[in-house]
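Predicted model, so just to flag it, every value in this text is computed and none were measured.
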Amino acid sequence: MNRYIIKNNIKLMCRSWVNILLFVIMPVILVVCLSSAFDSLMKKYDDAEITAGYRVEGDGVTDEMIEAMCEVAEENDITLEEYTTGDPEELIKKNELSGFIIFEEDTYTVYEDKEAAELGKVIEYFVNAFYENVTASAMGVDTDSAKLAVEHPDFKPAIDSKDYYGIVEIIYFGWCAIVAGAGIFMNEKKYKIRKRYQVANLSSFNEYLGKFIPLAIVASVGTVVAAILTVVLLGVHWGNIPLSLLIVVLSVAAASAFGVMIYNITDNMIATIIICFTVVWIMGFFGGAFETYLFSSHPMILKNLSPIYHINRALTELSCMGSSDFVNSSFIYTGGIIVVCSLLAVIAGKIRKGGRA
């Protein structure tokens with residue numbers, strides 16, 4: 001029975017070929033636009049000298065911390081100069097600084113050069129990474145431990161905008177897999193297919209598999225086709241192909257499970273799309289889909305909560321370095337989402353039917 005349902009649902013999805021075509025084409029178009037828009041930004045950063053001023057106000061930052069931070073910054077081609085007086089914005093203009101940092105009692109403020117905002121983002125990322133790790137070490141800092149504590153010590157991106165956005169936008173759209181499955185859910189009510197399932201005494205679990213498996217298959221194929229188009233048309237480099245392919249497929253499968261779960265809970269296609277797109281947008285916002293995580297200053301706790309962040313880190317680092325510490329966490333996130341969302345989807349389907357699982 002499952003094979004019959006899976007085959008028919010794939011046919012239903014293929015009838016809505018416009019949705020699938022948009023699912024494939026839209027990420028490619030977005031990659032072209034974003035990679036072109038941010039290409040000059042990343043190149044400009046590659047060739048730039050970064051000099052930032054700083055001032056310590058209060059006792060929250062020790063001399064040892066400042067010394068350690070200056071040494072780590074110097075190793076990453078960032079020069080820090082102390083200014084004990086003066087308005088930060090005026091100092092930036094007068095001394096041609098890329099930014100200015102004021103360390104206060106328990107916080108800090110970063111002022112950016114408005115004409116080179118991307119360099120200010122680099123400084124903000126650097127200070128954020130250093131400050132969080134030093135705080136986590138209960139202020140017990142020496143130069144060596146500080147070097148190791150910084151999350152991403154090489155602040156010059158080893159991946160260009162074409163490769164970066166060519167990967168992260170494919171993942172982002174892959175999480176919108178529910179769009180590709182519109183044919184299943186719309187026709188389910190239109191032709192009263194659910195009543196046929198009840199007559200056939202189909203369990204909630206088998207009914208779920210009949211939706212999840214075809215959605216995951218079609219969405220995965222569409223996502224892989226979009227990725228191939230970025231390689232052929234734009235020359236995007238995906239790094240370890242077998243491992244990257246596995247991560248992409250698991251990512252889409254997790255998105256499919258999430259989408260089916262929301263539909264089984266709401267039993268409404270419009271509500272499902274709104275909820276899915278909202279959640280995916282938030283995960284993408286903190287996961288680097290819009291602002292590259294290389295420059296992002298979002299708190300690490302918010303980044304780590306986003307599965308898209310772990311997937312993006314794994315794939316982009318595989319592309320530029322050939323390996324990544326985030327591969328395992330991306331597997332844990334996607335696998336956990338598939339299992340949890342599948343269980344909740346089956347339970348929701350059972351409650352709605354009032355029948356057996």
In Å and rounded to the nearest 0.5 Å, what is the CE to CG distance from Met261 to Leu344?
-> 6.0 Å
For residues Tyr333 and Pro307, report the shortest heavy-atom separation together with the two atoms involved.
-> CD2-CB, 3.6 Å
Non-neighbouring partners of Thr79 that pass side chain to side chain donor-acceptor pair (under 3.5 Å), sequence neighbours left out | none
With a 4.5 Å limit on heavy-atom distance, are the side chains of Phe103 and Met69 in contact?
-> yes
Please list, chain by chain and in numerical order, all residues satisfying side-chain contact (heavy atoms from CB on, under 4.5 Å) with Tyr83, sequence neighbours excluded.
-> Glu81, Leu91, Asn95, Leu97, Phe100
Donor-acceptor list for residues 237-254 side chains, cut-off 3.5 Å, not counting sequence neighbours:
from	atom 1	to	atom 2	distance (Å)
His237	ND1	Ser319	O	3.0
His237	ND1	Ser319	OG	3.4
Asn240	OD1	Leu243	N	3.2
Ser244	OG	Trp238	O	3.0
Ser244	OG	Asn240	O	2.8
Ser251	OG	Trp175	NE1	2.9

Can Tyr309 and Met300 be said to form a side chain to side chain contact (heavy atoms under 4.5 Å, CB included), step by step?
-> CA-CA 10 Å; Tyr309 173 73; Met300 281 306 302; 3.6 Å; yes
Taking ring-ring contact (aromatic ring centres under 6.0 Å, His included) as the test, write out the residues that go with Tyr172, two or more places apart.
-> Phe290
Interatomic spacing from CD in Glu169 to CG in Asn312 - rounded to 0.5 Å | 8.5 Å
Taking only residues at least two apart or on different chains, which pairs with a member in residues 271-286 satisfy side chain to side chain donor-acceptor pair (under 3.5 Å)?
-> Thr266-Thr272
Excluding sequence neighbours, so at least two apart, what forms side-chain contact (heavy atoms from CB on, under 4.5 Å) with Ala257?
-> Tyr208, Phe212, Cys341, Ser342
Give a yes or no answer on whether the side chain of Asn9 reaches the backbone of Pro214 with a donor-acceptor pair at less than 3.5 Å.
-> no
Would you indicate whether the side-chain heavy atoms of Tyr263 and Asn268 approach each other to under 4.5 Å?
-> no
Pair Arg313 + Glu317, salt bridge at N-O below 4.0 Å = yes
Side chain to side chain contact (heavy atoms under 4.5 Å, CB included) between Cys276 and Ile273, worked out | CA-CA 5 Å; Cys276 286; Ile273 290 178; 5.9 Å; no
With a 4.5 Å limit on heavy-atom distance, are the side chains of Ile178 and Phe277 in contact?
-> yes
Would you check if Leu315 and Ile171 make a side-chain contact, meaning some heavy-atom pair closer than 4.5 Å?
-> yes
Val280 to Ile308 - nearest heavy-atom pair and separation | O-CD1, 4.0 Å
Scanning both residues in full, the closest heavy-atom pair of Phe23 with Cys176 reads CE1-O, 3.7 Å
Decide yes or no on side chain to side chain contact (heavy atoms under 4.5 Å, CB included) for Val279 and Met283, but give the supporting numbers first.
-> CA-CA 6 Å; Val279 173; Met283 291 192 301; 4.1 Å; yes
The side-chain contact (heavy atoms from CB on, under 4.5 Å) partners of Glu82 (sequence neighbours excluded) come to Tyr54, Thr84
Taking all non-hydrogen atoms of both residues into account, name the closest pair between His310 and Ser330 and its distance.
-> O-CB, 4.0 Å
Pro27 and Ile170 have their tightest heavy-atom pair at CB-CD1, 4.0 Å
Atom OG in Ser329, atom CZ in Phe331: separation rounded to 0.5 Å?
-> 10.0 Å
Quick one: side chain to side chain donor-acceptor pair (under 3.5 Å) partners of Thr316, sequence neighbours excluded?
-> Tyr293
Cluster check Ile332, Leu343: I/L/V/M/F/W/Y, side chain < 4.5 angstrom = no
Could you pull out all residues at least two apart from Lys7 that satisfy side-chain contact (heavy atoms from CB on, under 4.5 Å)?
-> Lys11
Would Lys211 and Glu207 pass as an ion pair if we require N to O under 4.0 Å?
-> yes
Does one hydrophobic cluster hold both Leu209 and Val339, with members joined at side-chain heavy-atom distances below 4.5 Å?
-> no
Can you list every side chain to side chain donor-acceptor pair (under 3.5 Å) pair that touches residues 177-186, not counting sequence neighbours?
-> none
Same cluster or not: are Phe258 and Ile270 linked, directly or through other Ile, Leu, Val, Met, Phe, Trp or Tyr residues, by side-chain heavy atoms under 4.5 angstrom apart?
-> no
Hey, what do you get for CD1 (Ile274) to CE (Met269), rounding to the nearest 0.5 Å?
-> 11.0 Å
Nearest 0.5 Å please: distance from the CD1 atom of Ile262 over to the CG atom of Asp267.
-> 13.0 Å
With a cut-off of 3.5 Å and sequence neighbours excluded, list every side-chain donor-acceptor pair involving residues 216-235.
from	atom 1	to	atom 2	distance (Å)
Ser220	OG	Ala216	O	2.6
Thr223	OG1	Ala219	O	2.8
Thr230	OG1	Ala227	O	2.5

Between CG on residue Leu318 and CD1 on residue Ile167, distance to nearest 0.5 Å | 8.5 Å
Please report the shortest heavy-atom distance between Ile123 and Ala52, naming the atom on each side.
-> CD1-CB, 3.7 Å
ring-ring contact (aromatic ring centres under 6.0 Å, His included) with Phe286: which residues, sequence neighbours excluded?
-> His298
